Trainee: 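Here it is, the structure in full.
In what follows, chains are A, B, ... by sequence order, proteins preceding strands, each numbered from 1. Note that the structure is a prediction, hence the values are computed from the model and not measured.
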Amino acid sequence: MTADPKPERAARLAARYRVAADAEATVRAYTADWAAFALWCQARGVAALPAAPELVGDYLAELGEGYARATLRRKVAGIARAHRLAGQSLDTRHTAIREVLRGIGRTHGDPPKRAQALTTPEIQRLVAVCEEDLAGLRDRSLLLLGFAGALRRSELCGISVENIAWKPRGIELLIPRSKTDQEGEGQRIGIPQGQSVATCPVRALKAWLQAAGITRGPAFRGVTRHQTIRDGALTGEALRLILLKRAQQAGIRATLLEPLSPHGLRAGFITTAYRAGVPDEEIMGHSRHRSLTTMRSYVRRSRLGSASPAGKVGL
DNA sequence: GTCGCTAGGAATAATGCAGA
DNA sequence: TCTGCATTATTCCTAGCGAC
C-alpha cells in the first residue's frame with residue numbers, strides 16, 4: 001500500500017504557514033535573542049533548554065546595565081518562544097525573572113525616547129526648504145502625505161500608485177497592510193486638499209508623480225543627484241535620512257529624549273488634531289489606532305505645550 | 001571621491017490584548 | 001481600568017554599491 005501524498009502535502013503546508021505566522025522582524029529578533037542566551041549558557045557549561053527561571057534571571061541581571069527594560073523583556077519573550085517551539089515551557093512570570101526585571105528598571109531605568117512630534121509649523125518649515133527639482137518635489141510630497149495621513153514610515157514607503165484613488169476634493173488612500181493590520185485586510189483613509197497650495201498634500205503628490213512620470217508601482221522612489229528615478233520603493237531608512245536632511249536645512253533640532261524620525265509625522269498629526277479639538281474617535285479613525293490608551297500617549301505629549309493644565313494656573 | 005541611497009544587525013519603541 | 005506581556009515596526013549604526 002502506498003502512502004497518501006495528501007497528508008504529506010498538508011504537513012508541508014502547515015510547516016510553511018507556521019513559519020509565516022510571525023513577522024520577519026519578530027523571527028529575526030527572537031532568533032538573535034535565543035542564540036545569545038544559548039551562547040551565554042554554553043560559556044557557563046549549563047543547558048539552555050530547558051532553562052530554569054532562576055538561570056534566565058541571572059542572565060538578565062548580567063545584561064541588565066547595558067540594555068533598556070523593553071529589550072530585556074523581548075529577550076525573555078525570545079527565550080520563552082524557543083522553549084515553546086521545543087515543546088518545553090518557561091514561566092516568564094516566575095518571580096526569579098519578574099523581580100530581576102523590576103529591579104533593573106528601578107536601578108538603571110531611563111525614560112523612554114519618543115519621536116519628536118512634528119506639528120504644522122515644523123512641517124511648513126520642512127516643506128519650505130524643499131527645492132523645485134525632483135528630489136524636492138518628492139520630499140515635499142513625502143512629508144505632507146506622511147503628516148496628513150498620520151502614516152507610519154512603512155506605510156508611507158509602501159504606497160503604490162494603484163492604492164491612490166483621486167477624488168474631486170482630495171484622495172482616498174488604501175493602506176494594504178500595516179502594523180495593526182497584519183492580516184492585510186486593508187484600511188482606507190481620506191486626505192483632503194489643503195487650504196494652502198504650498199502645504200497641500202494632494203497637490204504635492206500630484207506634482208511629484210507627474211514630474212517623475214510615475215504612473216504605476218511604488219509612488220515614492222529614490223532620486224539620484226542627476227535627477228534620474230530609481231525603480232524600487234524607498235526604504236524606511238531612506239525616509240529617515242531624508243527627514244534628517246530636511247530638518248537640518250530647516251534648522252529643526254532633535255533633543256536627547258525626542259529624536260527626529262518619520263514617526264514624528266504621525267505623532268505630530270495626532271498632537272495637532274488634538275490641539276485643534278478633534279474628537280478622540282475621529283483621530284483614532286484616521287490614525288487607525290485601535291487602543292485609546294495608545295492614541296492618548298501622544299495626547300499626553302501634546303499637553304507639554306500650551307494645552308498643559310500647568311500652563312493654566314497663572315504661574 | 002561624493003551622493004543617495006540599500007542592506008543587515010542590534011537595540012528599542014509602539015501596539016493591542018489578556019488577565020487581574 | 002490598569003498593568004504586564006508578546007509581538008512587530010522603527011531607529012540607529014555601519015558597510016557597501018552604483019552612477020557620475
Trainee: Counting only heavy atoms not in A:Gln42 (residues, nucleotides, ligands), do more than 12 fall under 6.0 Å from its CD?
Mentor: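 Open: at most 12 neighbouring heavy atoms sit under 6.0 Å from CD of A:Gln42.
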Trainee: With A:Arg221, which residues qualify under side chain to side chain donor-acceptor pair (under 3.5 Å), at least two apart?
Mentor: none
Trainee: Can you tell me how far P of B:dA10 sits from CH2 of A:Trp34, to the nearest Å?
Mentor: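 Rounding to the nearest Å, CH2 of A:Trp34 and P of B:dA10 are 17 Å apart.
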Trainee: Does the plane of the ring in A:Phe37 sit parallel, tilted or perpendicular to the ring in A:Trp40? Use 30° and 60° as the thresholds.
Mentor: parallel
Trainee: Calculate the interatomic distance between A:Lys245 atom NZ and B:dG4 atom C1'; express it in whole Å.
Mentor: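 Computing the A:Lys245:NZ to B:dG4:C1' distance gives 8 Å.
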Trainee: Enumerate the residue pairs fulfilling salt bridge (Lys or Arg N to Asp or Glu O under 4.0 Å) with a member in residues 34-51 of chain A, sequence neighbours excluded, ordered by first and then second residue.
Mentor: A:Arg44-A:Glu62
Trainee: Quickly work out the A:Leu265 CG to C:dA9 P distance and round it to whole Å.
Mentor: 19 Å
Trainee: Should A:Leu265 and A:Ile123 count as side-chain neighbours, where that means a heavy-atom distance under 4.5 Å?
Mentor: yes
Trainee: Calculate, to the nearest 0.5 Å, the distance between atoms CG and CZ belonging to A:Leu126 and A:Arg246 respectively.
Mentor: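 Rounded to the nearest 0.5 Å, the CG-CZ separation comes to 9.5 Å.
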Trainee: Report yes if some heavy atom in the side chain of A:Phe220 is under 4.5 Å from a heavy atom in the side chain of A:Ser141; otherwise report no.
Mentor: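 The answer is yes; the side chains approach within 4.5 Å.
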Trainee: Might you confirm whether atom CD of A:Glu54 has over 12 heavy atoms from other residues, nucleotides or ligands at distances under 6.0 Å?
Mentor: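 Counting other residues, nucleotides and ligands, CD of A:Glu54 exceeds 12 neighbours.
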Trainee: Within residues 212-223 of chain A, find the residues that approach DNA chain B with a heavy atom at under 4.0 Å, and present them sorted by residue number.
Mentor: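 DNA chain B contact set from residues 212-223 of chain A: A:Gly222, A:Val223.
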Trainee: Starting the side chain at C-beta, find the nucleotide from C:dT10, B:dC5, B:dA11 nearest to A:Leu234.
Mentor: B:dC5
Trainee: Identify whether the distance between the nearest side-chain nitrogen and carboxylate oxygen of A:Glu122 and A:Arg125 falls below 4.0 Å.
Mentor: no
Trainee: Between A:Arg140 and A:Glu132, does any NZ, NE, NH1 or NH2 come within less than 4.0 Å of an OD or OE carboxylate oxygen?
Mentor: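 The answer is yes: the pair qualifies as a salt bridge.
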Trainee: Which sits closer to the 5' end of DNA chain C, A:Ser261 or A:Ala80, going by the nucleotide each is nearest to?
Mentor: A:Ala80
Trainee: Taking atom P of C:dT10 as reference, at what distance in whole Å does atom CG of A:Leu151 sit?
Mentor: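 The distance from CG of A:Leu151 to P of C:dT10 comes to 11 Å, rounded to the nearest Å.
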Trainee: In a table with atom names and distances, give each donor-acceptor pair under 3.5 Å that connects a side chain of residues 193-212 of chain A to protein atoms at least two apart or in another chain.
Mentor:
| from | atom 1 | to | atom 2 | distance (Å) |
| --- | --- | --- | --- | --- |
| A:Ser196 | OG | A:Ala198 | N | 3.2 |
| A:Arg203 | NH1 | A:Gly194 | O | 3.4 |
| A:Trp208 | NE1 | A:Ala219 | O | 2.7 |

Trainee: Rounded to the nearest angstrom, tell me the gap between atom NE2 in A:His263 and atom P in C:dA9.
Mentor: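 Value for this atom pair: 12 Å.
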Trainee: Of the nucleotides B:dT15, C:dT7, B:dT6, which one has an atom closest to the side chain of A:Leu241?
Mentor: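 Looking only at heavy atoms from C-beta outward on A:Leu241, the closest nucleotide is B:dT6.
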Trainee: Taking CG from A:Leu244 and P from C:dT10, how many angstroms apart are they, rounded to a whole number?
Mentor: 15 Å
Trainee: Indicate whether OP1 or OP2 belonging to B:dT15 is found under 4.0 Å from a side-chain N or O atom of A:Arg152.
Mentor: yes
Trainee: Find the distance A:Arg74:CZ to B:dG9:P and express it as a whole number of Å.
Mentor: 14 Å
Trainee: Let's see if you can work this out: which of B:dA7, B:dT15, B:dA11 has an atom nearest to the side-chain heavy atoms of A:Thr235?
Mentor: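 My answer, after comparing the listed nucleotides, is B:dA7.
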Trainee: Would you tabulate the pairs of protein nitrogen or oxygen atoms and nucleotide nitrogen or oxygen atoms of nucleotides 18-20 of chain B closer than 3.5 angstrom?
Mentor:
none

Trainee: Round to a whole Å and report the spacing from CG of A:Leu72 to C1' of C:dA6.
Mentor: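 Between C1' of C:dA6 and CG of A:Leu72: 15 Å.
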Trainee: Going 5' to 3' through nucleotides 13-20 of chain C, assign each nucleotide B (protein heavy atom under 4.0 Å from a base atom), S (under 4.0 Å only from sugar-phosphate atoms) or - (no protein heavy atom that close).
Mentor: B-----BB
Trainee: Would you compute the distance between atom CD1 of A:Ile171 and atom CH2 of A:Trp166 and round it to the nearest 0.5 angstrom?
Mentor: 5.5 Å
